Amino acid sequence: MTGPAKDELVPHPVKDQLPGVDYCVNSNPSWAEAVILGFQHYLVMLGTSVIIPTIIVPQMGGGNLLLVLIYYMGLSVPQYFNGYVITTGRGPVQSGSATFDQIMQVIFTSHTTVAGIIAYFLDITLARSHPLTRKDSGRHWWAKFKYFGRDPRSEEFYSLPYGLSKYFPSV
């Protein structure tokens with residue numbers, strides 16, 4: 001019998017491929033080492049989710065804690081979904097419908113989409129009648145553009161070049 005073909009992949013344990021690696025995904029450390037590694041993981045997560053947004057970011061001039069929360073969640077949620085797939089081979093959403101599960105996997109592995117969903121959720125939870133909320137959301141600026149016909153310059157500004165506006169009207 002001959003060996004595997006040149007292009008055929010031969011599986012090897014990860015430890016054989018990476019010298020100096022003590023633990024792999026499938027390795028089981030001793031109980032004491034697991035506790036120490038778990039505490040180390042806790043300290044790292046505490047530092048990234050609590051200490052950086054509340055202590056370090058304001059020192060650097062960023063005072064908006066909500067933006068830091070959105071940024072952090074936009075990074076950590078997709079990382080969770082990707083890590084779950086790597087370790088288990090399937091996504092964390094298991095509704096019984098493979099199509100729905102894949103749609104959720106695609107949505108929640110996108111950093112931009114997760115940050116946008118969180119920003120939208122936080123934006124709709126604000127009190128709409130408060131004047132600072134109106135100013136913060138930019139609604140005071142968009143109010144003058146709400147209706148096309150209020151500003152006489154709208155027709156000229158939104159018109160298409162080369163007389164295409166008569167075929168494709170703005171309103």
Side-chain angles (χ1 to χ4, degrees), residues 9-29 33-146 148 157-158 160 170:
L9 295 175
V10 179
H12 293 289
V14 178
K15 282 187 166 182
D16 295 343
Q17 295 177 14
L18 301 170
V21 173
D22 293 332
Y23 296 107
C24 297
V25 173
N26 296 332
S27 300
N28 292 323
E33 287 176 312
V35 169
I36 292 170
L37 292 173
F39 183 68
Q40 177 188 11
H41 179 74
Y42 172 76
L43 289 177
V44 169
M45 291 301 105
L46 176 72
T48 57
S49 63
V50 176
I51 294 173
I52 290 176
T54 57
I55 296 174
I56 296 175
V57 172
Q59 295 288 330
M60 296 180 345
N64 195 342
L65 188 61
L66 288 179
L67 290 178
V68 175
L69 174 69
I70 291 168
Y71 180 75
Y72 172 74
M73 293 300 290
L75 292 176
S76 62
V77 171
Q79 184 62 33
Y80 168 75
F81 271 72
N82 289 329
Y84 197 95
V85 170
I86 289 171
T87 56
T88 64
R90 53 188 169 76
V93 178
Q94 293 165 27
S95 64
S97 168
T99 304
F100 180 76
D101 296 347
Q102 289 175 350
I103 290 171
M104 292 295 108
Q105 183 69 24
V106 168
I107 289 172
F108 288 107
T109 54
S110 168
H111 303 285
T112 309
T113 306
V114 171
I117 290 170
I118 293 169
Y120 178 75
F121 173 75
L122 291 175
D123 188 50
I124 62 173
T125 59
L126 297 173
R128 289 288 182 201
S129 59
H130 198 277
L132 289 177
T133 304
R134 181 174 168 76
K135 183 174 184 271
D136 189 42
S137 67
R139 284 186 288 141
H140 69 290
W141 189 82
W142 283 103
K144 57 186 170 187
F145 299 107
K146 188 172 184 179
F148 183 78
F157 182 76
Y158 291 109
L160 298 172
S170 298

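As the structure is a prediction and not an experimental result, all values here were calculated from the model.
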Can you measure from [atom1] ([X]) to [atom2] ([Y]) and round to the nearest 0.5 angstrom?
{"X": "Ile103", "Y": "Ser97", "atom1": "CD1", "atom2": "OG", "result": "7.5 Å"}
{"X": "Met73", "Y": "Phe121", "atom1": "CE", "atom2": "CZ", "result": "11.0 Å"}
{"X": "Phe100", "Y": "Gln105", "atom1": "CZ", "atom2": "CD", "result": "12.0 Å"}

Pair His111-Leu75, side-chain contact (heavy atoms from CB on, under 4.5 Å): steps then yes or no:
CA-CA 6 Å; His111 303 285; Leu75 292 176; 4.0 Å; yes
Closest non-hydrogen atom pair between Val77 and Val114, with its separation:
CB-CG1, 3.9 Å
Derivation of the side-chain contact (heavy atoms from CB on, under 4.5 Å) call for Phe108 and Thr113
CA-CA 7 Å; Phe108 288 107; Thr113 306; over 6 Å; no
Got a donor-acceptor contact below 3.5 angstrom from the Asn82 side chain to the Thr109 backbone?
no
